[in-house]
Amino acid sequence: MKFVTTRQVLELRNAHPPAVILDVRIPEDFAVAHIAGSLHACVFLMSFVEDVKRLVPDPETPIVVYGTAVTSLESTEASQRLAWAGYASVFNYAGGLAEWKSDALPTLGDGPLPPQPVVDGPVPVDLHETRIEWTGRNLLNKHTGTVGLKSGELLFKEGWLAGGEFVLDMTALTCSDIADAAMNLLLIQHLKGADFFDVDRFPEGRLSLRKVVPVPEGRPGSPNLQLLGDLTVRGITRELPIVAVGGRTPEGRLAVQAVFAFDRTDFGSAYGSGRFFRNLGKHLVNDLVEIQVRLVA
């Protein structure tokens with residue numbers, strides 16, 4: 001793999017035989033703008049190498065690979081993978097489309113996408129796409145399932161997430177890891193009973209997000225939101241800090257995902273807890289319940 005400048009890319013494109021110019025960004029970015037005459041294969045697809053082999057079957061063909069900019073490593077990743085696949089002359093145009101444009105060279109494409117609308121006020125969550133999963137454990141084992149959601153909304157101020165309110169349907173608890181129907185039902189009845197969530201008396205729970213602070217230097221796909229909320233279970237409310245990942249889906253929908261845990265004994269569930277009982281043996285149940293949340297507006 002060799003790194004090349006804009007001038008060298010032009011020389012390689014005009015050589016005999018000419019080099020293939022390969023754009024390895026996502027298809028949506030390629031459609032907006034790309035170097036004229038470039039081919040496209042997305043490096044983020046598992047089929048990337050096979051896609052390139054269909055486009056450039058001769059491994060002796062020189063290939064100039066480019067991506068977004070020097071700060072984004074897709075061209076380096078693609079160049080390495082093509083070299084490993086046996087392509088003999090791979091050139092990494094690391095400056096990518098940003099350097100090409102800065103050198104005032106023309107591009108083809110549909111032009112910039114229209115800006116996303118600024119969201120302000122409450123936005124209801126999609127109850128079909130939103131999912132709340134629980135995991136309960138003892139020392140060696142675990143069970144998993146879901147919690148129902150009656151309603152929910154995310155609150156935005158000038159496009160920034162500012163809070164939210166969610167009503168949990170505790171009557172809709174499910175278990176996803178026990179295949180035997182009778183045993184599955186037995187566990188759910190146990191969880192709904194007074195030992196755990198006392199659903200007959202407290203059929204609803206609530207999660208309120210009252211403060212949202214961006215994480216400094218948070219990146220897409222990594223924790224970028226610090227949430228402060230209140231969780232209500234069994235009629236008891238406790239403050240709950242949550243670190244979350246927020247952003248937009250490829251379709252432009254607003255979404256938040258988070259993994260956090262709460263101590264069930266703080267909400268009145270003492271069953272099998274080493275905090276309250278001794279010598280539990282196989283009846284020991286961990287105090288922490290893990291929750292995975294996916295909220296889609």
Side-chain angles (χ1 to χ4, degrees), residues 1-6 9-10 12-13 19-57 59 61-85 87 90-119 126 129 159-161 214-215 217-225 244-257 294-297:
M1 176 178 60
K2 306 181 184 78
F3 289 89
V4 291
T5 64
T6 301
V9 171
L10 293 171
L12 287 164
R13 189 174 68 172
V20 169
I21 312 297
L22 183 67
D23 187 314
V24 297
R25 299 171 299 151
I26 62 175
E28 294 83 356
D29 286 347
F30 180 80
V32 170
H34 56 268
I35 296 173
S38 59
L39 303 181
H40 176 257
C42 178
V43 70
F44 305 115
L45 293 177
M46 291 186 290
S47 61
F48 169 69
V49 171
E50 295 305 316
D51 294 339
V52 175
K53 287 181 178 179
R54 284 190 289 270
L55 293 170
V56 189
T61 301
I63 301 177
V64 174
V65 179
Y66 76 92
T68 302
V70 71
T71 55
S72 190
L73 299 180
E74 60 264 25
S75 68
T76 299
E77 173 72 16
S79 297
Q80 290 174 340
R81 290 172 63 182
L82 293 178
W84 294 337
Y87 283 90
V90 180
F91 301 90
N92 183 0
Y93 182 33
L97 194 66
E99 184 174 326
W100 184 267
K101 287 181 175 180
S102 71
D103 290 330
L105 291 167
T107 62
L108 295 179
D110 300 329
L113 297 173
Q116 294 282 1
V118 175
V119 181
D126 184 330
E129 289 291 331
W160 295 96
L161 180 64
V215 173
E217 301 180 2
R219 304 182 303 276
S222 67
N224 55 14
L225 297 173
V245 178
R248 287 185 180 267
T249 70
E251 298 77 28
R253 306 176 73 185
L254 300 159
V256 177
Q257 60 171 257
R294 181 183 71 190
L295 305 171
V296 182

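Counting begins at 1 with the first residue of the sequence.
For the atom pair OG (Ser38) and OH (Tyr66), the distance works out to 3.0 Å, reported to the nearest 0.5 Å.
Applying the side-chain hydrogen bond (donor to acceptor under 3.5 Å, both in side chains) criterion to Thr107, with sequence neighbours excluded, gives no partner residue. Residues that satisfy the side-chain hydrogen bond (donor to acceptor under 3.5 Å, both in side chains) test with Arg294, not counting sequence neighbours, are absent from this structure. Listed by chain and residue number, Lys53 satisfy the salt bridge (charged side-chain N to carboxylate O under 4.0 Å, His left out) test with Glu50 (two or more places apart in sequence, or in another chain).
Using a 4.5 Å heavy-atom threshold, the side chains of Val256 and Leu161 count as touching. Taking the side chain as every heavy atom from C-beta outward, Glu74 and Thr68 approach each other to under 4.5 Å. Counting heavy atoms from C-beta outward, Val43 and Arg81 have side chains that approach closer than 4.5 Å. A heavy-atom distance below 4.5 Å is not found between the side chains of Phe48 and Cys42. A 4.5 Å side-chain heavy-atom check between Val4 and Asn92 finds every atom pair outside the cut-off. Counting heavy atoms from C-beta outward, Tyr87 and Val56 have side chains that approach closer than 4.5 Å. Side-chain contact check for Val70 versus Glu99: every heavy-atom pair is 4.5 Å or farther apart. Counting heavy atoms from C-beta outward, Leu105 and Ile35 have side chains that stay 4.5 Å or more apart.
The minimum heavy-atom distance linking Gly159 with Val118 is given by the pair N-CG1, 3.6 Å. Taking all atoms of both residues into account, the shortest heavy-atom contact from Val24 to Ala78 is CG1-CB, 3.8 Å. Taking every heavy atom of both residues into account, Leu39 and Phe30 meet most closely at O-CE1, 4.2 Å. Of all non-hydrogen atoms in Gly218 and Ser222, the two that sit nearest each other are C-OG, 4.3 Å. Closest approach of Ala41 and Leu22 over heavy atoms only: N-CD1, 4.0 Å. Closest approach of Ala33 to Leu97, counting heavy atoms only: O-CD2, 3.5 Å.
Residue Glu217 qualifies as open at atom CD: its count of foreign heavy atoms under 6.0 Å is 12 or below.
Under the 3.5 Å distance criterion, with hydrogens and angles disregarded, a donor-acceptor pair is assigned to the side chains of Tyr93 and Thr6.
At least one donor-acceptor pair under 3.5 Å links the side chain of Trp100 to the backbone N or O of Pro106. Judged by distance alone, with hydrogens and angles left aside, the side-chain atoms of Ser47 form no donor-acceptor pair with the main-chain N or O of Asp51 at under 3.5 Å. The backbone N or O of Arg25 sits less than 3.5 Å from a side-chain atom of His40, completing a donor-acceptor pair.
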Dump the intermediate steps for side chain to side chain contact (heavy atoms under 4.5 Å, CB included) on Leu12 and Val9, then the final yes or no.
CA-CA 5 Å; Leu12 287 164; Val9 171; 5.6 Å; no
Check against side chain to side chain contact (heavy atoms under 4.5 Å, CB included), Val245 and Leu225
CA-CA 6 Å; Val245 178; Leu225 297 173; over 6 Å; no
Could you check Arg13 against Ile21 for side chain to side chain contact (heavy atoms under 4.5 Å, CB included), going step by step and ending with a plain yes or no?
CA-CA 7 Å; Arg13 189 174 68 172; Ile21 312 297; 4.2 Å; yes
